[in-house]
Structures are given as C-alpha cells and as structure tokens.
Colleague: 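Next up is a structure, given as structure tokens.
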Amino acid sequence: MTRLKFILACTLILAAALGAGPAQAAKSKLPSIYMGYIFTTHHTPLMVAAVKGEEFKDSGAFLKPLVPKQKYQLVAADGKPLAVINLIVSKSGSEAATLFAMNRMDIGLASSTAFMSGIDKGTPMKILCPLHVDGMSMVFPSDSKISGYDDVARTIKASATPFKIGYHSPTSAPRVVFEGALHKAGFKISGNPNDVDADILMVDLKSTANLIPALLSRQVDCWVGPAPHPAVAEYKNAGHIGLDSRDLPPKGDWVDFPCCVMGAGDKLIADHPGIIQAMTDLMTDASGWSNAHKTAAAKISAAWIGVPAQAIEKSSIIYTTNPSPNWLKGEDVFLTMLNSMNKFKGQMKGKDLKAATPILYDFSFVKKSLAK
C-alpha cells in the first residue's frame with residue numbers, strides 16, 4: 001500500500017468511526033451571515049434582541065453573543081444553532097444597498113427607499129417586513145423659532161437665495177419624504193448649487209455624523225434626518241426641531257409613514273428560509289417589546305449607539321413588522337414620489353404598488369410571524 005493510499009484509508013476509517021463523512025461535516029458547519037444596520041434608534045429592535053438574548057427565546061429564536069455588538073449565534077428555541085450573524089454597521093441606506101450589490105451583505109436594516117433604489121438598479125433582494133414608522137424630523141439652528149409647516153414654508157419663500165436643506169443619504173427616507181412633500185407643495189427643488197432659480201437646494205452631507213457640524217457651520221439652513229439625531233441636536237443645544245414628518249402637508253397623509261425595513265438578498269431567502277423566518281420572528285417580538293418598554297429600550301439603544309438616553313426616551317417612533325394597509329399606502333406614496341422626481345431608471349420606473357409588489361416584497365415570513 002502506498003503512503004497516499006494508507007493516509008486515505010485512515011481518513012475513511014476515522015470518518016466512519018465519527019459517523020460523518022466530508023459532505024456531512026460541511027453540512028454541519030453553521031452558515032455565516034452578514035447583517036447590516038445603522039446607528040439609529042430606527043434599528044432599536046435589533047439592539048434589543050442582541051442585548052436581551054435568551055429572553056426572546058419564546059419568539060422561536062434568540063441571539064447568543066460571541067463577540068458583543070459584532071458576532072452572534074442565532075439559536076432556535078430548542079437550543080439548536082442556526083447561523084452565525086456578523087453585524088455590519090453602515091453609514092446609510094445607500095451604503096447598505098451598495099453592500100448588497102457587492103454581495104457583502106446578506107440581510108439588513110435600512111430605509112425602504114434605499115431598498116427600492118437598489119432593486120431598481122437590479123440588485124437581487126427583497127423587503128421582508130417593516131421595522132417602524134415615523135421618526136423623521138427637520139432641524140434648524142438652536143436659536144430658531146420655526147414651528148410647523150407654515151413657518152417652514154414662509155422661511156423658504158423669504159430666502160433671497162435657494163434655501164439649503166441637508167440630508168445624510170441620497171436614498172434615505174427623511175430626504176425622500178421631506179423633498180417629496182415640498183416638491184408636491186410646489187417648491188422648485190434642485191441638487192445643483194449653481195441653480196439660482198431653485199427655491200430649495202438639497203445638500204448631500206454624506207453621513208449622519210455631519211448633520212450637526214453642517215448646521216453649526218451654517219453650511220446648510222436646516223437638515224432632515226432620522227431619530228435619534230434630531231433629539232440629540234436639541235439635547236446638545238445644537239439644533240431645534242422645527243417640523244416632524246407627520247406634520248407635513250397634506251395633513252394626515254404622513255402619520256405612521258414607512259421608513260426603515262428589514263430586507264435580504266434573494267440567495268439567502270432561497271438557500272436559508274429557516275434563518276429568514278427565525279430573524280423575522282425575532283424582530284417581530286423585539287419590536288413589540290420595544291414599544292411596551294420604551295424607557296428600557298431607549299437605554300439599550302442609547303448605550304449601544306453612544307448617545308444620552310434622555311435625548312431619545314420620549315421618541316414617537318412606533319416599532320412594527322406589520323405591512324398594514326396604511327403602511328402599504330405609504331409605500332405607494334414613496335413609489336409615486338420617486339417616479340415623479342425621476343429617481344428610478346430601471347425596473348421600478350413607472351411602477352405603481354400593484355406592479356412593484358412582486359419585485360419589491362416577500363411578506364411570506366412576516367405573515368407567519370404575525371400569525372403566531
């Protein structure tokens with residue numbers, strides 16, 4: 001017997017003794033999943049699930065920390081490990097969509113509009129469920145007395161030059177909601193700093209980290225952003241919330257409006273539906289817990305993100321994974337606005353909600369979660 005045959009024979013004997021061949025060993029290895037989120041209280045349910053761990057066992061699955069804030073084991077209620085979840089922090093929904101396109105993210109939390117934009121460009125992914133509604137505001141300098149839409153409209157009209165509104169990401173829900181509403185109200189909006197005829201100049205500040213500095217340096221007249229950044233600006237006396245998204249015109253149209261969602265790549269959905277179901281179940285329960293324990297949830301997300309709990313515990317955000325008729329109505333508004341502003345160039349172009357639904361969404365998992 002040659003040395004090579006001897007080694008092979010020994011390997012086969014050992015595998016037989018252990019009861020697992022190479023193929024079985026490969027199957028026993030846990031899938032390593034990359035999950036993205038953003039440092040915002042919009043994504044509090046994920047932070048809550050990570051911190052509370054086994055307390056969410058009754059949801060059907062829970063997160064067991066391997067490296068806090070970085071790596072977790074997704075474990076079924078019966079104790080069976082399902083996957084290793086590697087957390088990735090992205091700066092914005094636009095960056096999250098890019099990571100999906102580069103196959104560097106498998107599942108993630110980001111704005112619905114970011115997923116719409118990515119899917120429009122051909123990235124194979126689906127929106128699985130909402131994560132929350134509301135939680136978007138327009139912030140002015142701290143000495144501003146602006147309060148409500150009428151004040152905002154008068155201020156824009158009185159400006160001798162295009163009124164500069166900053167945003168942190170081109171596909172962020174705050175940017176789309178506020179720009180869309182102001183566009184619908186008749187204001188001429190541009191992203192071109194040389195367009196002196198515009199009423200409003202939208203300024204890309206690239207990151208939420210630049211929101212407060214841009215206001216303090218007067219680079220912008222105001223900015224629109226997600227919680228907790230508006231509340232933190234007020235807490236630090238670095239800004240004043242002049243308008244919440246729910247108070248945009250027409251009155252009532254923006255209440256309980258969509259923002260962030262959970263989505264996943266088509267490959268992960270097809271290859272590991274059990275993991276998708278477990279994460280959806282977990283986010284559904286964590287969302288409900290976050291609503292019922294606002295102060296505790298605020299402390300968890302404040303410690304995770306690194307902001308004062310007092311700045312965020314009175315948040316008006318409602319966490320939910322339910323794609324309700326009202327939520328879907330808001331999604332339809334998003335599609336209409338983005339098309340009217342000529343933001344879509346690909347498969348979302350000209351689509352209404354009915355035509356877009358099979359391309360954008362897979363609610364099969366959340367329907368099971370909500371039916372429990």
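All of these numbers come straight from a predicted model, not from anything done at the bench. In what follows, residues are counted from 1 in the order of the sequence shown.
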Colleague: Pairs in or reaching into residues 226-279: which pass ring-ring contact (aromatic ring centres under 6.0 Å, His included), with residues at least two apart or in two chains?
Modeller: W254-F257, F257-F334
Colleague: Can you see which heavy atom on L215 is nearest to which on G239, and at what distance?
Modeller: CD2-CA, 4.1 Å
Colleague: Identify, with sequence neighbours excluded, every residue that meets ring-ring contact (aromatic ring centres under 6.0 Å, His included) alongside F363.
Modeller: Y361
Colleague: Rounded to the nearest 0.5 Å, what separates atom NZ in K343 from atom CE in M116?
Modeller: 14.5 Å
Colleague: Of all heavy-atom pairs between G118 and M125, which one has the smallest distance, and what is that distance?
Modeller: CA-CE, 3.7 Å
Colleague: Is the shortest heavy-atom distance from the side chain of L335 to the side chain of D352 under 4.5 Å?
Modeller: no
Colleague: Can you measure from CD1 (I241) to OG (S142) and round to the nearest 0.5 angstrom?
Modeller: 12.5 Å
Colleague: Please find the pair of heavy atoms, one from V177 and one from S245, that lie closest to each other, and give the distance.
Modeller: CG1-CB, 4.2 Å
Colleague: Is K157 salt-bridged to D199, cutoff N-O under 4.0 Å?
Modeller: no
Colleague: Going by side-chain contact (heavy atoms from CB on, under 4.5 Å), name the residues that satisfy it together with D271, two or more places apart in sequence or in a different chain.
Modeller: K267
Colleague: What's the shortest heavy-atom distance between A110 and A96, and which atoms?
Modeller: CB-CB, 4.1 Å
Colleague: Of S94, S117, S112, which meets side-chain hydrogen bond (donor to acceptor under 3.5 Å, both in side chains) against T171?
Modeller: S94
Colleague: With no hydrogens and no angle check, just 3.5 Å: does a side-chain donor-acceptor pair link S32 and N86?
Modeller: yes
Colleague: So, T320 versus N322: side-chain donor-acceptor pair below 3.5 Å or not?
Modeller: no
Colleague: Once salt bridge (charged side-chain N to carboxylate O under 4.0 Å, His left out) is applied, what residue pairs with a partner in residues 129-156 remain, sequence neighbours excluded?
Modeller: D134-R246, D151-R154
Colleague: Please list, one pair per line, the donor and acceptor atoms closer than 3.5 Å that link side chains of residues 45-56 to other protein atoms, with sequence neighbours excluded.
Modeller:
unit_1 : atom_1 : unit_2 : atom_2 : d
K52    : NZ     : E55    : OE1    : 3.3

Colleague: Check this for me, if you would: do K206 and D204 make a salt bridge, where the nitrogen-to-carboxylate-oxygen distance has to be below 4.0 angstrom?
Modeller: yes
Colleague: Looking only at heavy atoms, what is the nearest atom pair of N339 and K351, with distance?
Modeller: ND2-O, 3.4 Å
Colleague: Rounded to the nearest 0.5 Å, what's the gap from CD1 on I318 to CG on L131? Could you check?
Modeller: 13.0 Å
Colleague: If you take all heavy atoms of I119 and Q347, which pair is closest and at what distance?
Modeller: O-NE2, 2.6 Å
Colleague: To the closest 0.5 Å, what do you measure between OH (Y167) and SG (C222)?
Modeller: 13.0 Å
Colleague: Output a table of donor-acceptor pairs, distance under 3.5 Å, between side-chain atoms of residues 281-290 and any protein atom two or more places apart or on a different chain; print 'none' if there are none.
Modeller:
unit_1 : atom_1 : unit_2 : atom_2 : d
D281   : OD1    : Q277   : NE2    : 2.9
D281   : OD1    : S369   : OG     : 2.4
D281   : OD2    : K372   : NZ     : 2.7
T284   : OG1    : T280   : O      : 2.9
T284   : OG1    : T321   : OG1    : 2.9
S287   : OG     : M283   : O      : 2.7
W289   : NE1    : H293   : ND1    : 3.4
S290   : OG     : A286   : O      : 2.8

Colleague: What's the spacing between F178 CZ and S137 OG if we round to 0.5 Å?
Modeller: 6.0 Å
Colleague: CE/M202 to CG/L182 distance, rounded to the nearest 0.5 angstrom?
Modeller: 8.0 Å
